[in-house]
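No hydrogens, no waters, no symmetry mates; every other heavy atom, side chains included, goes into these values. Just so you know, residue 1 is the first one in the sequence shown, and it goes up from there.
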Amino acid sequence: MLQLIYFILISYGLTSILCYGSIFDMVRALDGFMGKLFNCPMCTGFWVGVILCGVSPYTELFSFDCSFINCILLGCLSSGTSYILSMGVDDDGFNFKIKSGAQSLDNEVDEETANKL
């Protein structure tokens with residue numbers, strides 16, 4: 001279980017550096033595949049997971065069988081967790097947004113009230 005937590009944190013950290021670190025600003029400014037890849041934490045997270053699966057025999061933090069299926073599954077795990085964490089954490093700390101149907105209902109009621117006034 002601890003290996004999985006290490007994998008998730010490492011993949012999130014590496015994805016964040018690739019997507020948001022200033023050292024990669026020139027790559028993110030490119031048009032085409034590379035520019036899109038380095039702007040998307042979900043896309044970058046997938047490839048980070050695949051690469052981390054490939055290097056797992058060379059680290060003691062986590063060890064996974066380096067098979068095709070494991071690489072795809074770990075890529076998906078890395079993609080999903082990197083995306084969720086990058087949407088929940090930024091330079092200002094944790095982001096909490098509550099979205100519900102009631103919020104849109106409140107907006108409609110406020111517009112109706114404003115129109116009556």
Side-chain angles (χ1 to χ4, degrees):
M1 182 67 167
L2 197 55
Q3 290 184 9
L4 196 57
I5 293 171
Y6 286 150
F7 178 82
I8 289 170
L9 292 175
I10 291 168
S11 64
Y12 168 66
L14 186 54
T15 299
S16 294
I17 290 169
L18 293 173
C19 286
Y20 307 116
S22 61
I23 194 168
F24 291 101
D25 283 346
M26 290 182 65
V27 177
R28 282 190 297 277
L30 296 175
D31 289 334
F33 176 76
M34 292 302 284
K36 288 181 183 178
L37 174 70
F38 282 94
N39 278 307
C40 174
M42 190 177 283
C43 302
T44 306
F46 176 81
W47 291 110
V48 164
V50 170
I51 291 168
L52 288 177
C53 181
V55 300
S56 76
Y58 304 103
T59 181
E60 294 180 14
L61 290 174
F62 52 84
S63 60
F64 301 106
D65 247 358
C66 193
S67 67
F68 177 75
I69 297 298
N70 276 354
C71 285
I72 297 298
L73 292 175
L74 289 172
C76 291
L77 174 68
S78 174
S79 174
T81 55
S82 294
Y83 178 74
I84 289 169
L85 289 172
S86 69
M87 293 297 112
V89 180
D90 63 10
D91 290 342
D92 297 326
F94 292 100
N95 293 324
F96 292 104
K97 295 179 184 177
I98 299 173
K99 295 182 180 181
S100 67
Q103 183 180 16
S104 62
L105 181 62
D106 289 341
N107 290 340
E108 290 176 17
V109 171
D110 290 340
E111 288 176 15
E112 289 176 12
T113 305
N115 290 336
K116 287 180 183 178
L117 297 175

Atom OH of Tyr83 with >12 non-hydrogen neighbours under 6.0 angstrom: no
From Leu14, Leu73, Val48, Ile51, residue fulfilling side-chain contact (heavy atoms from CB on, under 4.5 Å) relative to Ser78: Val48
Rounding to 0.5 Å, atoms CD1 (Ile69) and CG (Leu74) come to a distance of 11.5 Å
Starting at CD of Gln3, measure out to OG of Ser63 and round the result to the nearest 0.5 Å. 4.0 Å
Leu4 with Tyr12, same ILVMFWY side-chain cluster at under 4.5 Å: yes
Nearest non-hydrogen partners of Met87 and Pro41, listed with the distance: CE-CG, 4.4 Å
Distance in Å, Ile23 CD1 paired with Leu18 CG, rounded so as to fall on 0.5 Å steps: 10.0 Å
For residues Phe33 and Met26: do they belong to one hydrophobic cluster (side chain heavy atoms under 4.5 Å, members Ile, Leu, Val, Met, Phe, Trp, Tyr)? no
Where do Ile17 and Phe24 land on the side-chain contact (heavy atoms from CB on, under 4.5 Å) test, with the steps shown first? CA-CA 8 Å; Ile17 290 169; Phe24 291 101; 4.1 Å; yes
Over 12 non-hydrogen atoms of neighbours within 6.0 angstrom of CG in Asp25: yes
Minimum heavy-atom distance Ser56-Cys53, with the two atoms named: OG-O, 3.1 Å
Donor-acceptor check, side chain of Ser79 to backbone of Met42, threshold 3.5 angstrom: yes or no? yes
Checking Tyr20 against Ser86 for the side-chain contact (heavy atoms from CB on, under 4.5 Å) test, could you report, in this order, the C-alpha distance in whole Å, the side-chain angles of both residues, the deciding distance, and whether it holds? CA-CA 10 Å; Tyr20 307 116; Ser86 69; 3.9 Å; yes
4.5 Å side-chain heavy-atom contact, Phe46 and Ser82: no
Interatomic distance, Leu9 atom CG to Leu61 atom CG [nearest 0.5 angstrom]: 10.5 Å
Please lay out, stage by stage, how Ile10 and Leu52 fare under the test side-chain contact (heavy atoms from CB on, under 4.5 Å). CA-CA 9 Å; Ile10 291 168; Leu52 288 177; 3.8 Å; yes
Polar side-chain atom of Asn70 near backbone of Cys66 as donor-acceptor pair, under 3.5 Å: no
For Phe7 and Phe62, take the angle between the two ring planes, folded into 0 to 90°, and tell me which bin it lands in: parallel under 30, tilted 30 to 60, perpendicular over 60. perpendicular
Between Trp47 and Leu37, is any pair of side-chain heavy atoms under 4.5 Å apart? yes
As an exercise, state the distance from CD1 of Ile5 to OG1 of Thr81, rounded to the nearest 0.5 Å. 11.5 Å
Apply side-chain contact (heavy atoms from CB on, under 4.5 Å) to the pair Thr15 and Leu85, showing each step before the final yes or no. CA-CA 10 Å; Thr15 299; Leu85 289 172; over 6 Å; no
